[in-house]
Amino acid sequence: MRHSLSAIWMVARREFIDQFRDWRIVVPMLILVSVFPFIADDTTRIAINFMNRYGGELILDHLIPFVVLVIGFFPLSFTLVVALESFVGEKERGTIEPLLSSPLEDNHMYLGKLLVGITTPLVFSYASIGIYLILVSRRDVAFPNAYILALIFLLTFAHAVLMVSSAIVISVQATTIRSANLLASFVVVPVAFLLQGETFLIFWGNEDVLWYAILAVTLLSALLVRLGISHFRREYLLGREIDTLNFKQIGRTFRDRFVGQAKSVFEWYRTELPLTLKQLRRPLMVILGLAMIAGIASYVWVVLEAPVYLHLTPERISELRTSVSDNPSNLERLGEELPAAPVIFYRNIRVTVLSLLLGLLSFGTLGLTVFMANIVLVGGLLGGAQLVGYSPWLVFAAGILPHGIFELPAIFIATAAMLKVGAQLVTPQSEKSLGEMLLLSLADWLRIFVGIVLPLLAIAALIEFYVTPVLIKLAFPYL
Amino acid sequence: MIETNDLSKQFNNNFWAVDGVTLNVQPGQILALLGQNGAGKTTTVRMLTALLRPSRGCARVAGYDVVKNQKDVRSNVGVLTEQHGLYMRMTGDEYLEFFGKVYGLAPQARKVRRDYLMQYFGMADVAPRRCGEYSKGMKQKLALARALLHDPPVLLLDEPTSAMDPESSRLVRDEIARLRSSQRTIIICTHNLAEAEALADSIAIIYRGRVLLHGTLDELKRIVLGPVEYEAKFARDFDAGNLDLPPGVTLAARSANSLRFRIEAPQAVNPVLVHALTSRSAPLVSFQEVPRKLEQVYLKTMAEAQGVAYAT
């Protein structure tokens, strides 16, 4: 442990020296820190005067936390410069090879560089915030409490880790600073959106919600750090010397993985698909576990907590039940209002693909969120049925199970396949690059999607349209 | 010691950068790797430094497997890379101090080695200056000092004297020779054939990832250029007539006052041949081997590999 820390510090120290001798980094940072807080302070003064004259208490109350968040973010934009310089810059200047030829471990190099990428901009960021807070403390305005300041400091730290870890992932893929800079916009734009979302949370006024933002950003950063470490490999850093897209090779690799050794569709179903399915065992277990927890939690919450939260008195619940019973036209129209089978099929496909895309952006976490939301919805629906006095088992058996027999396994398997794509990206692979891993994972996902999910969803859509409404009518004839 | 067996590296685009390289370099030996740009020399060196994983075959460096004992391999190898790879904002002293720490040298050992190498390469006075201010040759010398810093048993040197002035080149060559005599195992990748000829105990010529030839300089000359040639020069015109040549000797060329012989086994045959000439009262002035350079060997090998005529 001590040896590792010392090796990380050794790498970091050299980078610090290099950075602080580079006027292109130091001078803009100093200007930003020494000038921007004063501009922000003056803007705060103007805003306060304006709002004192014309009103806007809500904005006034949250103005300083908002400015603190923004002022802390500006120096953080340097994380990209520092991280790109530190990784792809070294690659481009050829200084990385002697370092890679040394006995230093990959992790030590990665973490040393990560430390530098985070520390310098973060110190400037906190300095900037500090200067601004000193300036603003002289003004006649409510000073933010220590709790929200601590949250914003934490959030700023999480932003720094997120940006540096993303920049490192980009750096490892790029071979020149130019290409890395172009790719860096993929970091700046989402982080700018993130900042807007956090601003909304600040103005919304519920400070505790900021914890969710901190948690989400930290989780994503952790995954990006893991991704960075798993793909920070000597071979990959040196093996790539030009950025070229070889569509022919990409197509061939993808096709070979998708088709496998199979000579016919039958053989593919018999030999290839089971192989991929077998690899989904572990993600499927995770999915099943999470689904059970989410479904039961949501059911229990609706039954026990919803009446309190929504102020549902026994009288109100009785009214609800009566309104459902007294409205048989709802049931009459069930069959007519339900979209046609192809539309159901299309929508389910859309959700599955969306889940994959979200999963790709977040290494599986956002895709998992979509899945959990669906399960929570089902649990909530059954809880709601219980609440108004119907048997949740009957609702499940008549309303969900008939098409669910096909749809739920399809969704479960698709989600497991999506999760595997995300997990594979952040898992170290000695022989494969990030691009290759992505390509192979997507081919595996498509195997599952085409071979299992699509047929199951097609059958489920037909049952949902033609059978489920009939069964609901049979199960609830008194409605 | 360096041992490779069928060492091969294939890159993503199914291109074999190195294909079946088998080498053996013992302690106290220098192997020169010769070849065009892109022949696979750097890839070979990178595999020997455990930077690239072989796609096929195996290699042991300083007794360690390049796949299984990567850290040990790197600790025991000094590498001079194709690009010098200096940090331009660091001083020479700081640079060597940093790499001394990277290689785990104790503070005292770092200072001793750093001072010795800076002194040896005549850079003691510029040690406190930043690397960005150094000339090309000075940068190369500092990079070489980095490779030698931890006194490794194995050295992999890519163009060790490139960009150096003649004095510095001489210094570096002397240092390499000294390292050989202290039982270091050394591989040099170079385009400088005179340097390879002067330093190398064995030479390997690589073309498109494959070793075309490997052996001592004499062996390569014999294989590529044929048996050794000796020239007899006479004080005046001499008519050799139907000179009775000993077995294993053929007449390669003749002029009025010289004869050139191709000789299979010079040590056994030369005394007989000289005797035959003098017994015919040949006015012999000199009898010596016709010098043949590595350059001829290299160019002829390359020409044959490319299927083009070799112009002497």
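In the text below, chain A, chain B and the rest are named by the order of the sequence lines, each starting its count at 1.
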Please walk me through it: do Phe98(B) and Leu99(A) pass side chain to side chain contact (heavy atoms under 4.5 Å, CB included)?
-> CA-CA 10 Å; Phe98(B) 170 67; Leu99(A) 205 59; 3.7 Å; yes
Interatomic spacing from [atom1] in [X] to [atom2] in [Y] - rounded to 0.5 Å:
| X | Y | atom1 | atom2 | result |
| --- | --- | --- | --- | --- |
| Ser101(A) | Phe99(B) | OG | CZ | 8.5 Å |
| Met90(B) | Ile17(A) | CE | CD1 | 5.0 Å |
| Thr81(B) | Ile96(A) | OG1 | CD1 | 12.0 Å |

Segment of Arg21(A) engaging chain B (4.5 angstrom heavy-atom cut-off) | both
Could you tell me which portion of Val102(B) (side chain, backbone, both or neither) has an atom closer than 4.5 angstrom to a non-hydrogen atom of chain A?
-> both
Using a cut-off of under 4.5 Å on heavy-atom pairs, state which of Thr253(A), Leu100(A), Asp22(A) scores highest against chain B.
-> Asp22(A)
Given Leu51(B) and Glu97(A), is the side chain to side chain contact (heavy atoms under 4.5 Å, CB included) satisfied, shown in steps?
-> CA-CA 9 Å; Leu51(B) 284 179; Glu97(A) 193 167 349; 4.0 Å; yes
Output, in order, the C-alpha distance, side-chain angles, deciding distance and verdict of side chain to side chain contact (heavy atoms under 4.5 Å, CB included) for Lys101(B) and Arg13(A).
-> CA-CA 12 Å; Lys101(B) 283 181 186 170; Arg13(A) 191 172 172 274; 3.9 Å; yes
Among the listed options Gln70(B), Glu82(B), His84(B), Gln83(B), the residue most often paired with chain A at heavy-atom distances under 4.5 Å | Gln83(B)
Have a look at Tyr87(B) and tell me which of Glu15(A), Arg93(A), Glu90(A) forms a side chain to side chain donor-acceptor pair (under 3.5 Å) with it.
-> Glu90(A)
Taking every heavy atom of Pro98(A) against every heavy atom of Arg146(B), the minimum-distance pair comes out as CG-NH1, 3.4 Å
